[in-house]
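One structure is given below, encoded as structure tokens.
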Amino acid sequence: MKIIEARAAIRYFHTFPPSKSFRRAPTMGFHSSFSGTSLQTLKLAAFPTTSRLIFRLPTKTASLNSLHPCFRNRKPPCPLLVRALSFSAVQVDPPTATAGEEIVAKPQWKASIDFKWIRDNKDLVAANIENRKSGANLELVLQLYDKMLNLQKEVERLRAERNMVANKMKGKLEPSERQKLIEEGKNLKEGLVSLEENLLKLTDQLQQEAQCIPNITHPDVPIGGEDCSIIRKTVGSPREFGFSVKDHLELGKQLNLFDFDAAAEVSGSKFYYLKNAAVTLEMGLISWTLSEVMKRGFTPVITPEIVRSSVVEKCGFQPRGENTQVYSIEGSDQCLIGTAEIPVGGIHMDSILAESSLPLKYVAYSHCFRTEAGAAGAATRGLYRVHQFSKVEMFILCRPEDSESYLEELISIEEDLFTSLGLHFKTLDMASGDLGAPAYRKFDVEAWMPGLGRYGEISSASNCTDYQSRRLGIRYRPQEPIPTTSKKKSKGNLAPTQFVHTLNATACAVPRMIVCLLENYQQEDGSVIIPEPLRPFMGGLEIIAPTST
């Protein structure tokens, strides 16, 4: 097997909402190349940043545990609550080093983290980290914070002394006394430069460690791993067949819908060609889903599918364990999107929205690209787990007090869509150990796939509170000033800005929907019936029947 050279840039950016009481919602491995005037190579990447680490696979699998602090000292799960990390969009130039000099990875932007609150609520933060199965090192964060405070005091003391010397030199002085002050000022300046460099390095290290801390978790979220998730709702029941059930691979072969073999030669494993009625089915699913969601007041968007790696990071995505999920473009700061959530989240980056414009609801269509590293076995056969697929994603930006109700709206839309297609599915309240770093709460939808003989995830809906908006810099200004005990006043008597809350949900992940429809609507003769809601979007096609060769 060829050695795959991968760039793994390990950095994560995590934040906490600043609310004091949050009972309400606070919340890809192949060598490929592009031909043309500019040849660029796609390689595996784990959320690339300005600092990159190189490792080689698969002769010796490198462990991210040894590469990044977020994976050191992983602890088993255990109640939670944390608060207030924010990011300003300050870009930092890539680090350079002379021969023999060690390069220290630096954040691309700074996080305004409430370290004092974290220190004062250490037990709550530690419980949250355990419950989320996070690799964040809280003790190291607090140690670095204390060191930073002490160093800041020393820097401030030297600055004060330097200013005093500068003020003395403004007066009338004897030449000998002036020379003495010049020497004193020079020594203070040299000492200050050294301390400021140390403070900058310490601050960068503190930022890197603190950014591993995940979002807070809704108090009703079950604690534990995925098997601790709770079924919230069940719709329908498994269809009873009077004949031997085929899986979607066998059906697709008989109906001439897919070509995995040709795609494997052209692109590699886990790629595919859709053919004939499968193309019509994909287009019909996309058009029908967009139409239905737009009826709910969502604005349709087709997004870029290549984004800056910093936008991926600001959305809070991070790999778990040794597996990377993002394709990075070699020689650039760009990567392929794994979900439209990322480019849609960036639409209003670094902006202040009017409260009257909220909520902003988007329904986005895009292709998605994922390495699916580490995935293997029968559960990943065929279309179930692939490197490239089409997806329709819903995304909402809203006021903090409204995000829980909009999460319910997103779940309701998902359930309505899948019910109208006649699917048997269950909605689960996902346990803390299964939540990604940005999610305050997440609900998954799993549909029955008779050919696979099990339930498979077809959708999820997450409330990320202000975790993403703090990184992306998306705020809104309330129409009325908010009463506050703070002595600080806003400029022009305007209400102070607040970070919006963001939510996302899958409306249609096309390959898995095709799996569900083929396997649930198969007939004894090998044909597949098209659900009625999709027929107008498929030119009136009612059944996919075997064709004579």
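What you see is a predicted model; the values in this text were computed from it and never measured.
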Could you name each residue pair satisfying salt bridge (charged side-chain N to carboxylate O under 4.0 Å, His left out) that touches residues 499-511, not counting sequence neighbours? none
Applying side-chain contact (heavy atoms from CB on, under 4.5 Å), can you list everything that pairs with Ala447, at least two apart in sequence or on another chain? Phe425, Ile458, Cys516
Ring pair (Phe, Tyr, Trp, His ring centres under 6.0 Å) against Tyr365, all qualifying residues, sequence neighbours excluded: His367
Applying side-chain hydrogen bond (donor to acceptor under 3.5 Å, both in side chains), can you list everything that pairs with Gln388, at least two apart in sequence or on another chain? none
With sequence neighbours excluded, tell me which residues meet side-chain contact (heavy atoms from CB on, under 4.5 Å) with Val307. Val312, Cys335, Ile337, Ile342, Pro343
For Leu353, which residues count as a side-chain contact (heavy atoms from CB on, under 4.5 Å) partner, sequence neighbours excluded? His348, Ser351, Ser357, Leu358, Leu360, Ile474, Tyr476, Val500
Partner set under ring pair (Phe, Tyr, Trp, His ring centres under 6.0 Å) for Tyr455, not counting sequence neighbours: His424, Trp448
Testing the basics here: between Tyr440 and Leu435, what is the closest heavy-atom pair and its distance to 0.1 Å? O-CD1, 4.2 Å
Taking only residues at least two apart or on different chains, which pairs with a member in residues 274-293 satisfy salt bridge (charged side-chain N to carboxylate O under 4.0 Å, His left out)? Glu292-Lys295
Around Glu408, counting heavy atoms of other residues, nucleotides and ligands shown, do more than 12 lie under 6.0 Å from its CD? yes
Taking salt bridge (charged side-chain N to carboxylate O under 4.0 Å, His left out) as the test, write out the residues that go with Glu393, two or more places apart. Lys391
Listed by chain and number, what are the side-chain contact (heavy atoms from CB on, under 4.5 Å) partners of Asn276, not counting sequence neighbours? Asn256
Would you give the length of the straight line joining atom CD1 of Ile118 to atom CG of Leu138, rounded to the nearest 0.5 angstrom? 7.5 Å
Between Arg370 (side chain only) and Gln325 (backbone N and O only), is there a donor and an acceptor less than 3.5 Å apart? no
For Thr289, check side-chain hydrogen bond (donor to acceptor under 3.5 Å, both in side chains) against everything at least two apart and list the hits. none
Got a sec, which residues hit salt bridge (charged side-chain N to carboxylate O under 4.0 Å, His left out) with Glu305, two or more places apart in sequence or on another chain? none
Taking Gly436's backbone N and O only, do any of them form a donor-acceptor pair with Arg132's side chain (distance below 3.5 Å, no angle check)? yes
Between Ser405 and Asp402, is there a donor-acceptor pair closer than 3.5 Å when you use the side chain of the first and the backbone of the second? yes
Of the non-hydrogen atoms in Pro438 and Asn215, which two are nearest, and what is the gap between them? O-ND2, 2.8 Å
